[in-house]
Amino acid sequence: MTVNFGIDLGTTNSVIARYHQGTVEVFKNPVGHKETLPSVVAFRSGRVLVGDKAREYMEKDPRNVIGSFKRKMGTSESFWIESIGETKTPMELSGLVLKELKNFVYTGEVLESAVITIPASFDTMQSNATKKAGQAAGFKEVFLLQEPIAASLAFANKEGNEGFDGRQWLVYDLGGGTFDVALVRTEYGEMRVIDHQGDNFLGGVDFDNLIIEHIIIPYLQTQADFGDLERELRSSSGRYNSLYYVLLKKAEEVKVSLSAQTIVDVEFEIETPQGKLLDVFFPVTREQFEDCIREKIADTVEMIRSILQRNELKAGNIHCILMVGGSTYIPLVRRVVEQELGIAISTAVDPTTSVAIGAAYFAGTKKRITAEDLPEPVMAGNLTLRVKCAYSKVSQDPEEYFLGQAEGEWQGLFYRMIRSDGGFDTGLKEMKERFSEYLPLAPNRHNAFELKIFDAQNNLLYQDSSIGIVSGKYGILGQPLPNDICIEVDDPENNGTKLELVFEKNSLLPLKKTLTKEVTKTIRKGSDERLIINILEGTNIATPGTNLSIGIIEIKGSELMIDLVKGSDVEIVLEISESRDLRISTYLMMTDQEFTNLFSPSERCVSHGKLEDEMVILLKELDREIGLANEHEEYELSQSLHDIRNQLQELHRQLCRMPSDDVTDAKFQIDDRKRNLALRIDALTKDKKNTRIKEEYFAYKKWCQQLLDNHGNEQEKMRFMDLTASEKQLLASNSPLLIESAIKKIREVAAPVQWRTPEYLISIYYHYAEMDGEYTDKGKSR
Ligand code: ADP
Ligand code: MG
């Protein structure tokens with residue numbers, strides 16, 4: 001039995017669709033008959049409203065109406081709801097939307113499993129939160145599918161869209177809250193995402209905000225003195241905070257109208273701080289709106305350019321750019337994307353439902369794994385026989401290879417395979433342990449087959465009617481991992497860490513890897529000591545600080561049966577499922593203990609204060625890097641770092657201007673940008689930094705060697721030899737932190753030796769003597 005239900009759980013709108021025998025149906029809201037359900041939840045006098053009903057209260061009662069929560073998915077942020085005096089997490093709110101979508105399904109089916117889509121750029125925490133939302137809504141099984149793949153499936157499976165094999169295209173998905181672009185290729189009827197890029201904080205809601213910021217606020221300021229109006233609007237304690245929600249809705253209406261018209265009027269009332277009621281009425285032109293968003297659209301084009309560049313592709317290699325998401329209705333978006341890139345855009349699929357449609361196609365190929373849902377093959381008497389079947393559930397070919405493997409008492413039996421429309425019948429064939437058939441497929445539809453097994457007397461003993469193959473539709477080859485997954489081994493002795501790549505970005509899920517690591521410190525049985533392994537998501541070239549920590553593995557001394565001695569081996573097995581569940585188990589060779597399900601995922605926590613601290617540290621680090629670059633006459637590098645510094649300072653200004661109780665998700669946007677800048681600093685300076693620090697290492701080593709040759713004792717020489725013995729490994733680690741700590745150790749060996757050299761003592765003498773011309777410190781002078 002297959003999953004069949006596909007859900008687009010969008011930032012702004014959610015959609016549910018069902019696959020049935022080769023076609024997909026999008027369900028309509030029984031109330032209002034719309035295909036989309038606004039992802040908005042309202043809490044009103046003990047009742048929970050979801051969708052359009054909730055949206056109606058957005059202006060009247062903004063404190064009890066929540067939308068755009070998908071953008072905070074996987075973070076520690078939650079929403080305070082006044083009317084119930086409780087907070088709700090983005091995950092819980094999404095669960096409510098999913099529950100409401102279940103009501104769209106009129107067929108009476110019990111929904112226990114579904115495919116839910118996520119942006120390709122969702123990290124592990126965000127993916128996990130989405131799965132949990134599904135579970136909260138009562139789904140026993142949730143499969144995740146990346147939105148661009150879903151849209152591509154809808155596109156390629158659309159009737160008349162044949163001849164996709166060997167082609168590649170881009171999916172441009174600009175919705176309410178996120179932007180995603182993906183490069184998709186079809187080979188042998190299977191589709192896969194080759195590369196992708198996105199911004200979790202770029203979409204229609206930002207355009208609405210830009211209209212407020214660049215058109216409405218400046219206009220209001222010409223009408224009366226509103227002081228810091230932006231702050232008063234966006235701060236939850238601000239005087240105009242409720243008006244902010246009214247304006248957001250107005251701005252959206254303006255934006256949507258401007259997709260069809262070139263000029264629209266804005267109208268609302270506002271009371272000035274001076275107590276005057278102002279009737280606001282003024283026109284907004286399409287050009288004005290386009291000026292607001294031009295820069296954002298240019299950003300999306302840049303992302304496409306970098307994807308093309310990374311994959312060494314030219315415009316001519318791309319079949320088309322598939323436009324998905326409500327914001328692609330904006331004429332400027334279509335125009336700029338097509339003109340700037342010189343690639344034809346396609347508006348073949350419905351921008352608002354295609355993701356759900358594609359998710360349903362995928363669901364149609366996905367077998368349910370919950371054991372109780374599996375159709376039990378029919379068996380007669382006390383015969384023990386089981387047949388495992390292997391075949392591709394989607395096919396572009398006129399026939400598909402089927403392989404059966406029998407277990408149990410199969411000797412002397414016969415099998416027969418029949419296509420349910422009567423178009424094919426193998427007739428009775430003698431059973432073997434492994435048997436195979438080429439099943440001919442009726443084109444462009446769901447082909448159901450039956451496998452029947454008979455004894456020599458022609459009694460039916462066994463029947464499996466769940467074999468189904470869809471022909472003429474595209475499947476997907478697998479979903480790629482959106483970021484590198486790395487581990488960082490806690491290493492307090494070297495006071496440094498390095499990242500080790502576990503899974504590489506764009507590898508196809510599911511993935512599994514076994515690593516063997518040496519324990520870096522002794523953990524005594526029963527003690528409070530612990531071994532901590534940090535799991536990070538990001539790029540593996542970066543230093544741990546710039547990546548996102550997604551969780552830790554922790555083994556406590558109290559759980560050990562015997563001491564875990566430094567240098568012994570730990571085996572770590574990491575697995576990621578297709579739905580991005582990360583499972584980690586650890587085997588301690590020495591204690592022969594196995595720990596499973598060790599992984600505790602973290603939530604993304606961004607606090608105003610922490611963010612500011614991090615930025616100040618980053619600015620300091622950047623200054624140091626700029627200084628070093630100048631010192632080494634690396635002017636190009638210095639210039640690039642300066643540019644980053646300017647951007648970082650601008651971000652810092654934005655953060656300082658932001659009220660600490662800001663109701664938007666600006667904080668997360670700033671955190672995202674900060675992390676991206678940190679990554680760029682890393683990428684720019686890593687090589688140079690390594691070269692410099694290695695030079696420094698060799699200089700110190702030579703100096704220390706000479707010092708020891710002339711003044712060192714045997715013990716000191718031994719220590720030095722020890723230190724430099726593993727030099728090869730150290731340099732190969734390419735970890736500035738490790739090399740730096742090695743230098744520190746060399747200096748520690750050298751320090752006492754230095755105090756025994758006359759030259760050094762003389763230089764110290766002069767240092768004090770010249771400092772202020774006379775000895776003021778008796779101790780030092782002695
Ligand atoms: P999501 O995938 O984020 O749930 P959608 O793909 O449904 O979102 O897109 C919703 C966004 O599209 C909203 O910001 C909405 O204002 C915008 N939108 C919908 N229709 C239009 C239109 N005709 N012109 C401009 N923007 C539109
Ligand atoms: Mg969407």
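For ligands, and for the atoms within them, numbers begin at 1 and follow the listed sequence. Numbers for residues simply follow the sequence, beginning at 1.
- Between the side chain of Asn241 and the backbone N or O of Ser235, at least one donor-acceptor pair lies under 3.5 Å.
- Under the 3.5 Å distance criterion, the side-chain polar atoms of Thr352 are left unmatched by any main-chain donor or acceptor of Gly326.
- Inclusion of Thr178 in the set of residues having an N or O under 3.5 Å from an N or O of ligand 1 is not warranted.
- Taking every non-hydrogen atom of Gly177 and a distance limit under 4.0 Å, the qualifying atoms of ligand 1 come out as 3 (O).
- Annotation for ligand 1: atoms under 4.0 Å from non-hydrogen atoms of Gly325 are 6 (O).
- Below 4.0 Å from some heavy atom of Gly10 lie the following atoms of ligand 1, by number and element: 4 (O).
- Using modelled atom types, one side-chain atom of Ser327 and one backbone atom of Gly175 make a donor-acceptor pair closer than 3.5 Å.
- Polar contact check, Gly326 against ligand 1: a nitrogen or oxygen pair lies under 3.5 Å apart.
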Yes or no on side-chain hydrogen bond (donor to acceptor under 3.5 Å, both in side chains) for Tyr245 and Asp61, after CA distance, side-chain angles and deciding distance?
CA-CA 9 Å; Tyr245 297 97; Asp61 190 13; over 6 Å; no
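- At least one N/O-N/O distance between Thr12 and ligand 1 falls below 3.5 Å.
- Residue contact check for ligand 1: Gly203 places no non-hydrogen atom closer than 4.0 Å to it.
- The pair Arg335-Glu290 meets the salt-bridge criterion, since a charged nitrogen lies less than 4.0 angstrom from a carboxylate oxygen.
- Applying the salt bridge (charged side-chain N to carboxylate O under 4.0 Å, His left out) definition to pairs two or more places apart or across chains, none involves residues 344-362.
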Check step by step if side-chain hydrogen bond (donor to acceptor under 3.5 Å, both in side chains) holds for Tyr172 and Thr300.
CA-CA 9 Å; Tyr172 182 100; Thr300 67; 2.9 Å; yes
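- Of the polar atoms of Ser259, at least one N or O is found under 3.5 Å from an N or O of ligand 1, judged by distance alone.
- Which parts of ligand 1 touch Gly204 is read off a 4.0 Å heavy-atom cut-off, strictly below it: atoms 14 (O).
- Of all the atoms in ligand 1, the ones that sit under 4.0 Å from a non-hydrogen atom of Glu252 are 13 (C), 15 (C), 16 (O).
- The shortest N or O to N or O distance between Tyr329 and ligand 1 is not below 3.5 Å.
- When only non-hydrogen protein atoms are considered, atom 2 (O) of ligand 1 lies nearest to Gly175 CA, 4.1 Å.
- Looking at residues two or more places apart in sequence or on another chain, you find a side chain to side chain donor-acceptor pair (under 3.5 Å) between Glu25 and Tyr106.
- Panel note: side chain Arg44, backbone Ala54; no donor-acceptor pair is recorded below 3.5 Å.
- Taking only nitrogen or oxygen atoms, main chain and side chain alike, Thr11 reaches within less than 3.5 Å of ligand 1.
- A salt bridge links Glu302 to Arg305: at least one charged side-chain nitrogen sits closer than 4.0 Å to a carboxylate oxygen.
- Regarding atom 7 (O) of ligand 1, its nearest protein heavy-atom neighbour is Asn13 ND2, 2.8 Å.
- At least one N or O atom of Gly176, backbone or side chain, sits closer than 3.5 Å to an N or O atom of ligand 1.
- Shortest contact from atom 14 (O) of ligand 1 to any protein heavy atom: Lys255 NZ, 3.1 Å.
- Between Phe207 and Phe289, the two ring planes are perpendicular [angle over 60°; tilted spans 30° to 60°].
- Atoms of ligand 1 found under 4.0 Å from any heavy atom of Ile330 (numbered from 1 in listed order, with element): 25 (C).
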